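Data first, discussion second: the structure below is written as structure tokens.
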Protein chains: 4
Amino acid sequence: MEEISTNDTLERKKAMIIKAAMEVFAQNGYAKGSIGDIAAKAEIGKATLYYYFDSKEALFMEAVKLAYQLFFENIEKQVASLVGFEARFRALVRIPIRYIYEHVPILFEARNSFPEAYLAELETLQEYGRQRMRNNIHRLFQEGLAEKKVDDRFSFEALSNVVHDWMMMAELNCDLHERQMIMQKLEKEQDLLIDLVLYGILKRG
Amino acid sequence: MEEISTNDTLERKKAMIIKAAMEVFAQNGYAKGSIGDIAAKAEIGKATLYYYFDSKEALFMEAVKLAYQLFFENIEKQVASLVGFEARFRALVRIPIRYIYEHVPILFEARNSFPEAYLAELETLQEYGRQRMRNNIHRLFQEGLAEKKVDDRFSFEALSNVVHDWMMMAELNCDLHERQMIMQKLEKEQDLLIDLVLYGILKRG
Amino acid sequence: MEEISTNDTLERKKAMIIKAAMEVFAQNGYAKGSIGDIAAKAEIGKATLYYYFDSKEALFMEAVKLAYQLFFENIEKQVASLVGFEARFRALVRIPIRYIYEHVPILFEARNSFPEAYLAELETLQEYGRQRMRNNIHRLFQEGLAEKKVDDRFSFEALSNVVHDWMMMAELNCDLHERQMIMQKLEKEQDLLIDLVLYGILKRG
Amino acid sequence: MEEISTNDTLERKKAMIIKAAMEVFAQNGYAKGSIGDIAAKAEIGKATLYYYFDSKEALFMEAVKLAYQLFFENIEKQVASLVGFEARFRALVRIPIRYIYEHVPILFEARNSFPEAYLAELETLQEYGRQRMRNNIHRLFQEGLAEKKVDDRFSFEALSNVVHDWMMMAELNCDLHERQMIMQKLEKEQDLLIDLVLYGILKRG
DNA sequence: GATGAATGAGTGTTCATTCAT
DNA sequence: GATGAATGAACACTCATTCAT
């Protein structure tokens, strides 16, 4: 019992540090996101941080895992709350953008200073994320088929892969300090984009 | 005459340094791409580098400009060598990917450590790039219209904006050290994506 | 208790670093007195020094404060140990010389590389020093008057101001770029000083 | 003839550089007064400066010599234009202040980075200055005596030495590493000075 | 005579990491 | 468990000086 509650406290503390790390890395990037800032945000000493995590890389890995988890929790909850293929498809395209926008470039940056060991772990994590995303998309397209909304010209596998991969892209050439405006712009553009994907641009002859 | 050849040598040296900088920044990112590494790659002393450039930021700006220039030279040359709307559209989508993939996340990262003055210059440069890209896309769609290939349901402006913005996104969650494979994967995926954009996913009827 | 002894150790270490800084700056001046030398003299790592002090400027400020403190402790102790106006006046003139000789030109030099924030603090410190010195001089002259040793031809205020300013060898708390004003002030004061040298301050009897 | 005019040009150029150096050193101090700034102010290339002068120290020496020369030219011209002991004494005290104020702390600072060879030359230069100043003072006091204005209680030699040394704001021509001796000398001289302040130098009548 | 180009040696400062307590 | 204190290694940047032309 005591063990459990102790472990609980420990895990809760770890979680707090990871959350702080996620915020600091999201704001400043990997290189500029310093251990000192994270410790300060978590309101602990720098050395304490090293009691819980082996290195900056290890902590970053945990922050990435947390971001992934929040991302999927959010997306799946929202998709579940909607009805019909089109509505769900739109949601599935829209929601990832902010997460991608905030976290992916940092992932990218981090890779450059990562030792092999962590790169492999990162890869594994990303493969897991890709799979989960693909599942979501796959399920959605099957619903679309059942609803007779989706053209059956394309294979499911390829289609969900492609949609997933493009979902993982984002408008990057923007000012980090003006995220709100960008987000609004992106969200408006998405409607057009989605129309484009839904109806295509070529004339039928 | 002598003046010209002297300036020429000087400019050639500057260009070499910028090239070295572009490579180092592309490989290591902005924060981890050190002046020392760049100087070593350019085979000059660190202090010499400061004879040619005022600061790391200034040098980075030049590296970004070079990447932009190479990007547009490449894309426009390739598009010009192809015939017909579809072929050109495919090229215009495919080629940017590698450049975006290599340079955009670094741009992102750099912003975090950039002083106001350089941010403004960066913005200007990006606006220029956006405009030039938009022009390419716009011209292409007009050709598509003339060829009666493109559906006229969408406004040109909106359409070229959207296509441009999505063109500026890229598959980021990949291993920087295995770019070749990723690039191949991306290029395969793009065909499917392009089909998708060209024909849409919804059944007509 | 433990708190106190811990703080004590910390403060003692800080004090050691400040002392080392004071010595290095006194020997080499501000620009040539390097952080590395100070750390070496204090037998700590350079980075450790930055654990205790924010910057070279901040450390220099502390060194100046220490010099001031030692200066006044010394001068006031010695004056207190003597009897009679003449003896005390001699002491009050003699003692400052060494401190001025050792520290003032360095203060001067430092101003050139100091940011605004520290200049203001320096000003405050110097104003405090001026006041404390003026008090010492004023008290002494009142004693001299009481002893009927000092000629009452000069006003106390003006006299102690002038003696103080000249004792400080030059008005230092001035903007290097506003030398004209300072020069005018000094030149006015000089008349009083010259009277003093020409006629002396002691009553003839 | 041609030789002479060439030498003339050469000397004129040297003089321009020295003037620039004097100004830069006066403004920024020795350490912060950079060769680059001086070359820019003299409107020549940095390398050209090294064609005319061996090193920063050598150039500084010349700047000091120039300051000395201007100082004496100025002071002697002004004293000569005045009549009577008191007027001349006032001038002799007033004029040095600006020069001292502007140049002495820099001299001080420079010693710290000077190699032996230049320190000796500096010493020589200062000894020359001292002598010339002493002569001026000596002459003045003889006039004062002749005018029966000056009290004969003080020896000429001692008096003019003391006045000179104090005018120099502090005995500078000393080895920083042998401060003890200097301090002792100053402390002895102070007694004379203090007598002077206490009793004045003018005869009562 | 004049200098553009080049640099080695050094500066102040940062930061992930360790260790004694 | 927790941390204050300490640091090595690195970084961007400066500057007096040199050298080929």
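The model shown is predicted, which means the values in this text are computed figures rather than measured ones. Order of the sequence lines sets the chain letters (A, B, ...), proteins ahead of strands, with each chain counted from 1.
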Fill in: Residue mapping more 5' on DNA chain F - nearest nucleotide basis, B:Ala31 or D:Gly36
B:Ala31

Practice prompt. Please state how far atom NZ in D:Lys46 lies from atom P in F:dC15, giving the value in whole angstrom units.
Written response: 9 Å

Response to the item:
Taken to the nearest whole Å, CG/D:Asn28 to C1'/F:dT14 is 15 Å

Item to complete: Could you run through DNA chain F and flag its stems, i.e. three or more consecutive Watson-Crick or G-U pairs with both distances under 3.5 Å?
Response: E:2-21 with F:2-21

Discussion item. Just to be sure I understand the geometry, which residues of residues 49-61 of chain C put a non-hydrogen atom under 4.0 Å away from DNA chain F?
Written reply: C:Tyr51, C:Tyr52

Discussion item. Between B:Thr48 and E:dA5, is there a contact of a side-chain N or O with OP1 or OP2 at under 4.0 Å?
Written reply: no

Practice prompt. Whole angstrom is fine here: how far is it from CD1 in B:Ile44 over to P in E:dG4?
Written response: 18 Å

Worksheet item: Could you state the CD-C1' distance from A:Glu43 to F:dA2, rounded to the nearest angstrom?
Response: 15 Å

Discussion item. Expressed as a whole number of angstroms, how long is the span from D:Phe114:CZ to F:dA16:C1'?
Written reply: 13 Å

Worksheet item: For the pair made of CD in C:Glu11 and C1' in F:dA5, what is the distance, rounded to whole Å?
Response: 14 Å

Fill in: D:Glu109: side-chain contact (heavy atoms from CB on, under 4.5 Å) partners, not counting sequence neighbours
C:Glu109, D:Tyr30, D:Ala31

Worksheet entry | Comparing B:Ala47 and C:Gly33 on DNA chain E - which has the more 5′ nearest nucleotide | B:Ala47

Worksheet, complete the sentence: Only one of C:Glu11, C:Arg12, C:Met16 passes side chain to side chain contact (heavy atoms under 4.5 Å, CB included) with C:Lys14, and that residue is C:Glu11

Item to complete: Give a yes or no on whether the backbone of D:Gly33 and the side-chain of D:Lys56 come within a donor-acceptor separation of less than 3.5 Å.
Response: yes

Worksheet item: Does the distance from a Lys or Arg side-chain N to an Asp or Glu carboxylate O, for D:Glu62 and D:Lys65, drop under 4.0 Å?
Response: yes

Practice prompt. Check every strand shown and say whether A:Ser34 touches a base, only sugar-phosphate, or nothing at a heavy-atom separation below 4.0 Å.
Written response: sugar-phosphate

Worksheet item: For the side chain of A:Ile35, counting heavy atoms from C-beta on, which of E:dT17, E:dA5, F:dT7 is nearest?
Response: E:dT17

Discussion item. According to side-chain contact (heavy atoms from CB on, under 4.5 Å), who are the partners of B:Gln69, at least two apart in sequence or on a separate chain?
Written reply: B:Glu73

Discussion item. Rounded to whole Å, please give me the gap between NZ in B:Lys32 and P in F:dC11.
Written reply: 8 Å

Worksheet entry | By side-chain contact (heavy atoms from CB on, under 4.5 Å) - contacts of C:Lys41 (at least two apart) | C:Ala20, C:Glu23, C:Val24

Fill in: Trace of the ring-ring contact (aromatic ring centres under 6.0 Å, His included) decision for C:Tyr118 with C:Phe60
CA-CA 10 Å; C:Tyr118 285 104; C:Phe60 181 73; 9.6 Å; no

Worksheet item: How is A:Lys13 classified with respect to the nucleic acid when contacts are heavy atoms under 4.0 Å: base, sugar-phosphate, or nothing?
Response: sugar-phosphate

Worksheet item: Is B:Tyr52 close to B:Leu59 at the side-chain level, that is, under 4.5 Å between some pair of heavy atoms?
Response: no

Worksheet item: In whole angstroms, how far is the P atom of F:dA16 from the CD1 atom of D:Ile38?
Response: 8 Å

Worksheet item: With sequence neighbours excluded, what pairs up with C:Tyr50 under the side-chain contact (heavy atoms from CB on, under 4.5 Å) test?
Response: C:Ile35

